[in-house]
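All heavy atoms count here, side chains included; hydrogens, waters and symmetry mates do not.
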Amino acid sequence: MPEARHVLPVLHPFRVTPTRFAPRLRARHGLLLGICAALVASSAWAQAGAAMLSPLAVIVKWAPLLLTGFAFNIAISLLAMLIGTVAGVGLGIAMLSEQPILRRVAWGVTQFFRNAPWLVLLFFVMFLVPFQLTVLGIRIPLPDWVKATFGFSLPVMANVAEVVRGAVRSVPTTQWEAAESLAFTRRQILWRIILPQCVKRMLPPWMNIYALVAMATVQASIVGVSEMLTLTAQVHAAEGGRPELFAPLYGFALLCFFLYCYPIDRWTARMERRFQIR
């Protein structure tokens, strides 16, 4: 009988099949979408033959005022981020303390403000903090926007504290051991060796927190702060409360926040890839 021939399987070279990704949404896409929506609304209004201003004309008319309110939103977010970052770094370091009482208190404060609704914290600060303080006979007024800034800084503080704690814990323990072998104190190790290495670990999540704060500042309109959303409602009322202006005006506010926050999101993703820990 002829010898049976067995066909052995052949392992073909591995080929990476290129994956087709969906096109990325960029800031110019949102801008074009907003412009198209405004043009469609304006043309529809013009075809109706109404004597009143079109939605696009209303937006152009009130754009300086609305952009001033948007700048106020950005100012509140920057101040809240500054205050929350400074307090959060201290709170995060306190959670790493060797003293059990300090560590537990810092952990409790972090968990409380991190898991509390932002709007509830804002209401507490707005209604529990007095409208002025008297220090050494000097009256210091606390307007609503200042109290709102402190209200937003509380959750920022808690989230930044958790970012600091996680970044420090992510540093290999060999860094601590090597520094201790060189007779560095714990404080010197933390401030001169560990924290400088944590900057690139903390920066992407820190920027993500700022983007969330910038979008959350519209909640200040609920407590009477004259920011962009409050001014948008006032403009709508000044134009007679016309129903056809509701979507264009609030769409303009949405577009402003999108054009501001989306580049931050893209920059954060780029920094995550650049600072990826290997």
Student check: side-chain heavy atoms of Leu195 and Ile93 closer than 4.5 Å
yes
Does any part of the side chain of Ser77, heavy atoms only, come nearer than 4.5 Å to the side chain of Tyr210, both counted from C-beta?
yes
So do the side chains of Leu96 and Arg169 get within less than 4.5 Å of each other, counting heavy atoms only?
yes
Hits for ring-ring contact (aromatic ring centres under 6.0 Å, His included) against Phe124, two or more places apart or cross-chain, chain-then-number order -> none
What distance do Thr110 atom OG1 and Leu91 atom CG have between them, rounded to the nearest 0.5 Å?
3.5 Å
So OG1 of Thr230 and CD1 of Ile222: to nearest 0.5 Å the spacing works out to 9.5 Å
Please determine whether side chain to side chain contact (heavy atoms under 4.5 Å, CB included) holds for the pair Met126 and Leu122, giving the CA-CA distance in whole Å, both sets of side-chain angles, and the decisive distance to 0.1 Å.
CA-CA 6 Å; Met126 294 297 296; Leu122 185 61; 4.2 Å; yes
If we only count heavy atoms from C-beta on, is the Pro155 to Trp118 side-chain gap below 4.5 Å?
yes
Considering residues, nucleotides and ligands other than Tyr250, do more than 12 of their heavy atoms fall under 6.0 Å from its OH?
yes
Extract all donor-acceptor atom pairs below 3.5 Å that involve side chains of residues 160-167 and protein atoms in other chains or at least two apart in sequence.
unit_1 : atom_1 : unit_2 : atom_2 : d
Glu162 : OE2    : Arg165 : NE     : 3.1
Glu162 : OE2    : Arg165 : NH2    : 2.6

Heavy-atom count check: over 12 atoms from other residues, nucleotides or ligands less than 6.0 Å from Arg192 CZ?
no
Residues forming a ring-ring contact (aromatic ring centres under 6.0 Å, His included) with Phe112, sequence neighbours excluded:
none
Taken in chain and number order and not counting sequence neighbours, the residues that satisfy side-chain hydrogen bond (donor to acceptor under 3.5 Å, both in side chains) with Gln234 are none
So, using side-chain hydrogen bond (donor to acceptor under 3.5 Å, both in side chains) as the criterion, who are the partners of Glu180 when residues are at least two apart?
none
Do Leu255 and Leu259 come within less than 4.5 Å of each other through their side chains, counting heavy atoms only?
yes
Return all side-chain donor-acceptor pairs below 3.5 angstrom for residues 55-68, not counting sequence neighbours, or 'none' if the list is empty.
unit_1 : atom_1 : unit_2 : atom_2 : d
Lys61  : NZ     : Glu239 : OE2    : 3.4
Trp62  : NE1    : Glu239 : OE2    : 2.8
Thr68  : OG1    : Pro64  : O      : 2.8

Using the salt bridge (Lys or Arg N to Asp or Glu O under 4.0 Å) criterion, which residues pair with Arg186? Sequence neighbours excluded.
Glu98
Measuring from atom CZ of Arg201 to atom CG of Leu203, what distance do you get when rounded to the nearest 0.5 angstrom?
13.0 Å
When rounded to the nearest 0.5 angstrom, what distance separates CG in Leu128 from CZ in Phe123?
12.0 Å
Test item: His236 side-chain N/O and Arg242 main-chain N/O as donor-acceptor pair under 3.5 Å
yes
Sequence neighbours excluded, the answer for side-chain hydrogen bond (donor to acceptor under 3.5 Å, both in side chains) partners of Thr85 is Trp206
Hey, does the side chain of Gln188 reach the backbone of Thr185 with a donor-acceptor pair shorter than 3.5 angstrom?
yes
Under 3.5 Å, which donor-acceptor pairs link side chains of residues 211-220 to any protein atom two or more places apart or in another chain?
unit_1 : atom_1 : unit_2 : atom_2 : d
Thr217 : OG1    : Asn73  : ND2    : 3.0
Thr217 : OG1    : Ala214 : O      : 2.7

When rounded to the nearest 0.5 angstrom, what is the spacing between CZ in Arg103 and OG in Ser97?
7.0 Å
Report the C-alpha separation of Leu229 and Glu227 in whole Å, then their side-chain angles, then the decisive distance to 0.1 Å, and conclude whether the side chain to side chain contact (heavy atoms under 4.5 Å, CB included) test is met.
CA-CA 6 Å; Leu229 215 61; Glu227 45 77 56; 3.2 Å; yes
Euclidean distance, Cys198 SG relative to Ile193 CD1, rounded to 0.5 Å:
12.0 Å
Between Met228 and Phe252, is any pair of side-chain heavy atoms under 4.5 Å apart?
yes
Once side chain to side chain donor-acceptor pair (under 3.5 Å) is applied, what residue pairs with a partner in residues 140-160 remain, sequence neighbours excluded?
none
So does Ile101 have more than 12 non-hydrogen atoms from other groups sitting under 6.0 Å from CD1?
no
Does Leu102 sit in a hydrophobic cluster with other residues, and if so which ones, taking ILVMFWY side chains as linked at heavy-atom separations under 4.5 Å, directly or through other members?
none
Output the rest of the hydrophobic cluster of Trp107: all Ile, Leu, Val, Met, Phe, Trp and Tyr residues reachable through side-chain heavy-atom contacts under 4.5 Å, sorted by chain and number.
Met95
